[in-house]
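All remarks here apply to the structure that follows.
Below, read A as the first sequence line, B as the second, and so on, with proteins coming before strands; counting in each chain starts at 1.
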Number of protein chains: 2
Amino acid sequence: MCNLSNYYYFKFLVLVNITYETFHRNVIIDAVDKMEVSMTQKSSPTMKDVAREAGVSLGTVSNVINGITVRESSRRKVEEAIKKLNYQVNSYARGLKMSRTGTITLIIPTLNHPFFSELAYEIEQQAYMNSRKLILCCSNGIAEKELEYLSLATQNKTDGIIALTYSDISRQVPDNIPFVVFDRYFENQQIPRIASDNYTGGIMAVNKLYELGCRNIAFIGFHSSFPGEADKRFDGYMSACRQLKLTPCILHEPDDTPVDPAIRNFIEKNIDPKTGSTVFDGIFANTDYDACIVREVLESLNIRVPEQVQLIGFDGTKKFYAENEYYVSTICQPLKELARKCVEMVINESEEILPSLTLLPVHYASGGTTRD
Amino acid sequence: MCNLSNYYYFKFLVLVNITYETFHRNVIIDAVDKMEVSMTQKSSPTMKDVAREAGVSLGTVSNVINGITVRESSRRKVEEAIKKLNYQVNSYARGLKMSRTGTITLIIPTLNHPFFSELAYEIEQQAYMNSRKLILCCSNGIAEKELEYLSLATQNKTDGIIALTYSDISRQVPDNIPFVVFDRYFENQQIPRIASDNYTGGIMAVNKLYELGCRNIAFIGFHSSFPGEADKRFDGYMSACRQLKLTPCILHEPDDTPVDPAIRNFIEKNIDPKTGSTVFDGIFANTDYDACIVREVLESLNIRVPEQVQLIGFDGTKKFYAENEYYVSTICQPLKELARKCVEMVINESEEILPSLTLLPVHYASGGTTRD
DNA sequence: CTGTAAACTTGAAACGTTTCATGTTGTCTA
DNA sequence: TAGACAACATGAAACGTTTCAAGTTTACAG
């Protein structure tokens, strides 16, 4: 029974015209099992079958499949047999023997955010281009789930792990599984980390706002309790303010703060009663997510963006219904390149020593919340 | 060499204080291999190791691991040994023996659309809850890639396939791999299909617009050349118009038409020169994607939504920066339930005959493009 | 204390590959 | 034509599980 697909099962019922109940009697089940063997060739053909069909040995078939040189005549016979039997390698047998499985595991909080989903998408595409399968694990940022997924991954002898977690799982990663970390900053500094150049991005945002006329630039952001490269955006902001001799004006709370009220409160506190506008004329928001909320709050307070306040976010989140349009003006992370780097490093075919930190350049893109 | 992580490799170089070049001489490589064996215990412990450690037989260890009853004292010994050796099942060996791998393969066009990414997310969560791993395949809707992914999946002996494709791959699916299809309509009608109740959704949209005062309701949509349940939205629209005695007003083009110009053209053609507004006062757009573009076009023509024209889309696409807010008023597909159904049916633990079509109910949600 | 049934344990065989020492064939030289 | 070497083919062993027939222990009734 167990190996019959439902479709096939259904066909069989029709064919033999018996009821479901009768069907379950052992006698009939046996009959079915036998039929199955003769009708469909039950389990897929193996290399042995191919070898027999082609009249060569197991080793020769293996050589053909793995592209090892084989006499032309043998190769042809084997290839014909493979086609005839519709043979497919059993990658679990291969995995067992080789202890290489051709899978990469991605541990990511969620897909319900365009940044994560796009990153996951790009990583999948890169994995595909490198003939790897992608195992997707959405941890929701829950430490226990992160660990559980990790141990699943090691159990499955995955060939590499790409992680974007909210807890330090590096201690539990076996030495022999390649492991790269996106953005996050672990205790074990030897683990290769990949991120955007957030620091430069922060500087870029402030400079852009300055260039566009802002002289009073606020920072709005929420920091995770778990350290990562994204924290550098704030550092970039501070550094640029120093450079440009601007007075910082900052909302920087832990990320368990309710975002909307905090932003509203911060903005209201900074409204100049004389002008009715805010004391700042530019805002650098730590993420596009924050920037979108900032914009909504500003609009609800009848402060016009970008006329009264210009706004730059971070991430490069694109409108889902328009290729290449952004929800807000933003510093774009190079997602495709980040994905490529992650996959390349986790595969690391060259077997070189990997840099412990790889930063990729960001760029600015206008999204209507700035006057450019 | 090959099994050393880079981290470990690096440590080793430091330890032994030799140069990279020297390192590659065979002699030294051998030395390393030997060291590795003694230093880290190279490959993970196997059941045999556990059995030896616990002083029981292989079969007993297997029984403990698989929750088969075993004498209490043996169980304890085995569990201790497992902990001590940090044993983990090798799921490739298990997969080989059982020809069950614990994986579900999802073939989906992309993650760069909130509908797909949310669906993928929910399916992953369901897979996790059923102790399955999710292999993600983004085909970009390219037929060849769909087939390639499919054959990868069968080669990997996946336990089930959930597909949302733009070509009929059903013929290539082996009989013995459970297969369910999301939305799409294949030639082979025995394959279980899962979708939202698009027909009712279409009716719902029209009724809602009618309820809100519209008496002239247009349909705007683009149909794939590959048939699916989503085509029923249009049927629902037509049916509701008949019911309510409304005159249909339709833009329904193939989906390779450039969307933006088509919509602009359609709308402009339907502007009443007297009022400056459109002849229709309500629009049902086939997807939220279309609806968003419709809104942008309307706004660019200075037609106000929802004051002059009310607009309902389809899918239930939420704003990425606000839980439970929609980009447009919409008919929501029950993504979580759809995902649950897909996984449940592809696993089909009860081994029942599966319905060939499962439709799940949709519901309306306001998103600011209607006057409610 | 014995006999018997029930409960548990044992280890060889099998799953479908890859590997590799050994065997076979073919080719070229002298 | 023999000898030597290269090229290729062969199939048993191994990878780490599960399974299952056969063996051993335990519990309990008489």
Side-chain angles (χ1 to χ4, degrees), chain A residues 2-3 41-79 81-82 85-102 154-159 174 176, chain B residues 2-3 33 37 41-79 81-82 85-102 154-159 174 176:
Chain A
C2 27
N3 269 324
Q41 54 220 90
K42 189 166 166 68
S43 54
S44 353
T46 72
M47 279 177 90
K48 228 182 229 163
D49 300 322
V50 174
R52 196 183 319 113
E53 177 74 28
V56 300
S57 76
L58 223 49
T60 303
V61 177
S62 175
N63 286 341
V64 169
I65 284 167
N66 293 293
I68 292 168
T69 100
V70 152
R71 199 182 306 133
E72 190 47 33
S73 62
S74 314
R75 170 185 313 287
R76 250 208 338 280
K77 279 189 288 181
V78 170
E79 277 166 354
I82 288 179
L85 300 181
N86 191 22
Y87 167 79
Q88 291 203 129
V89 196
N90 177 324
S91 51
Y92 283 85
R94 172 179 278 177
L96 173 59
K97 198 75 210 350
M98 314 252 287
S99 42
R100 271 202 329 105
T101 59
T154 66
Q155 195 163 117
N156 281 292
K157 309 277 177 262
T158 196
D159 288 350
N176 59 342
Chain B
C2 28
N3 270 326
D33 279 344
V37 171
Q41 53 220 93
K42 189 163 167 70
S43 55
S44 355
T46 72
M47 280 177 91
K48 227 182 231 160
D49 301 322
V50 174
R52 196 184 318 112
E53 177 73 29
V56 300
S57 77
L58 223 48
T60 303
V61 176
S62 176
N63 286 342
V64 170
I65 285 168
N66 293 291
I68 291 168
T69 97
V70 150
R71 200 184 305 132
E72 189 47 35
S73 61
S74 313
R75 169 184 313 286
R76 249 209 338 281
K77 279 188 290 181
V78 170
E79 277 165 355
I82 288 179
L85 300 180
N86 191 22
Y87 167 79
Q88 292 204 126
V89 195
N90 177 323
S91 53
Y92 284 83
R94 173 180 276 177
L96 173 60
K97 197 76 207 6
M98 313 254 285
S99 44
R100 272 201 329 105
T101 58
T154 66
Q155 193 161 117
N156 282 292
K157 308 279 177 259
T158 196
D159 289 350
N176 58 343

Notebook entry, point to check: Do A/M47 and A/S62 have side chains that get closer than 4.5 Å, going by heavy atoms?
Noted result: yes
Item checked: Over all atoms of both residues, closest heavy-atom pair of A/E53 and A/A81 -> CG-CB, 3.5 Å
Next item on the list: Report the distance from atom CD of A/E72 to atom P of D/dA9, rounded to the nearest whole Å.
Entry: 11 Å
Margin query: Using a heavy-atom cut-off of 4.0 Å across all strands, would you classify A/T69 as base, sugar-phosphate, or nothing?
Written below: sugar-phosphate
Note to self: What is the separation between atom CE on B/M47 and atom P on C/dT9, rounded to the nearest whole Å?
What the structure shows: 13 Å
Next item on the list: Write down the distance between CD1 (A/I68) and C1' (C/dC20), rounded to a whole number of angstrom.
Entry: 11 Å
Notebook entry, point to check: Quick one: is A/Y92 getting a side-chain N or O under 4.0 Å of the D/dT18 phosphate, OP1 or OP2?
Noted result: no
Notebook entry, point to check: Once you round it to whole Å, what is the distance between P of D/dG16 and CG of A/N156?
Noted result: 16 Å
Margin query: Let me test you: for the helix from C/dC1-D/dG30 to C/dA30-D/dT1, what is the angle between the axes at its two ends (five pairs each), rounded to 10 degrees?
Written below: 40°
Next item on the list: Work out which heavy atom in B/Q155 is nearest to a heavy atom in A/V89; give both atom names and the distance.
Entry: CG-O, 3.1 Å
Next item on the list: Quickly work out the A/I65 CD1 to C/dT19 P distance and round it to whole Å.
Entry: 12 Å
Notebook entry, point to check: Contact class for A/Q88 (heavy atom, under 4.0 Å): base, sugar-phosphate, or nothing?
Noted result: sugar-phosphate
Notebook entry, point to check: If only atom types and distance count, is the side chain of A/D49 paired as donor or acceptor with the main-chain N or O of A/T46 below 3.5 Å?
Noted result: yes
Item checked: Closest to side chain of B/R94, choosing from C/dT9, D/dT19, D/dT17 -> D/dT17
Note to self: Using side-chain heavy atoms (C-beta onward) and a distance below 4.5 Å, is A/R71 in contact with A/V56?
What the structure shows: no
Check: Taking for each residue the nucleotide of DNA chain C with the nearest heavy atom, is it A/N66 or B/G55 whose nucleotide lies nearer the 5' end?
Finding: B/G55
Identify each atom pair where a protein N or O and an N or O of nucleotides 12-15 of chain C are less than 3.5 Å apart, giving names and distance.
none

Checklist line | Backbone N/O of A/V70 and side chain of A/N63: donor-acceptor pair under 3.5 Å | finding: no
Check: Is the backbone of A/Y92 close enough, under 3.5 Å, to the side chain of A/N90 for a donor and an acceptor to pair up by distance?
Finding: yes
Next item on the list: Please determine, for the side chain of B/T60, which listed nucleotide (D/dA9, C/dT17, C/dT10) has the closest atom?
Entry: C/dT10
Next item on the list: State, yes or no, whether a side-chain contact exists between B/N156 and B/T101 at a heavy-atom distance under 4.5 Å.
Entry: no
Notebook entry, point to check: What does A/S91 touch in the nucleic acid at a heavy-atom separation under 4.0 angstrom: a base, only the sugar-phosphate, or nothing?
Noted result: nothing
Margin query: Between P on C/dT19 and CG on A/N63, what's the gap in Å once rounded to a whole number?
Written below: 9 Å
Checklist line | A/R71 side-chain proximity, nearest of C/dT17, C/dT19, D/dA9 | finding: D/dA9
Next item on the list: Search all heavy atoms of A/I82 against all heavy atoms of A/I65 and return the closest pair with its distance.
Entry: CD1-CG1, 4.1 Å
Notebook entry, point to check: Which whole-number value in Å describes the distance from A/Q155 CD to D/dT17 C1'?
Noted result: 12 Å
Checklist line | Between B/Q88 and B/S44: side-chain donor-acceptor atoms closer than 3.5 Å | finding: no
Margin query: Does D/dT17 have OP1 or OP2 under 4.0 Å away from a side-chain N or O of B/S62?
Written below: no
Check: Rounded to whole angstroms, how far apart are CZ on B/R52 and C1' on C/dT10?
Finding: 16 Å
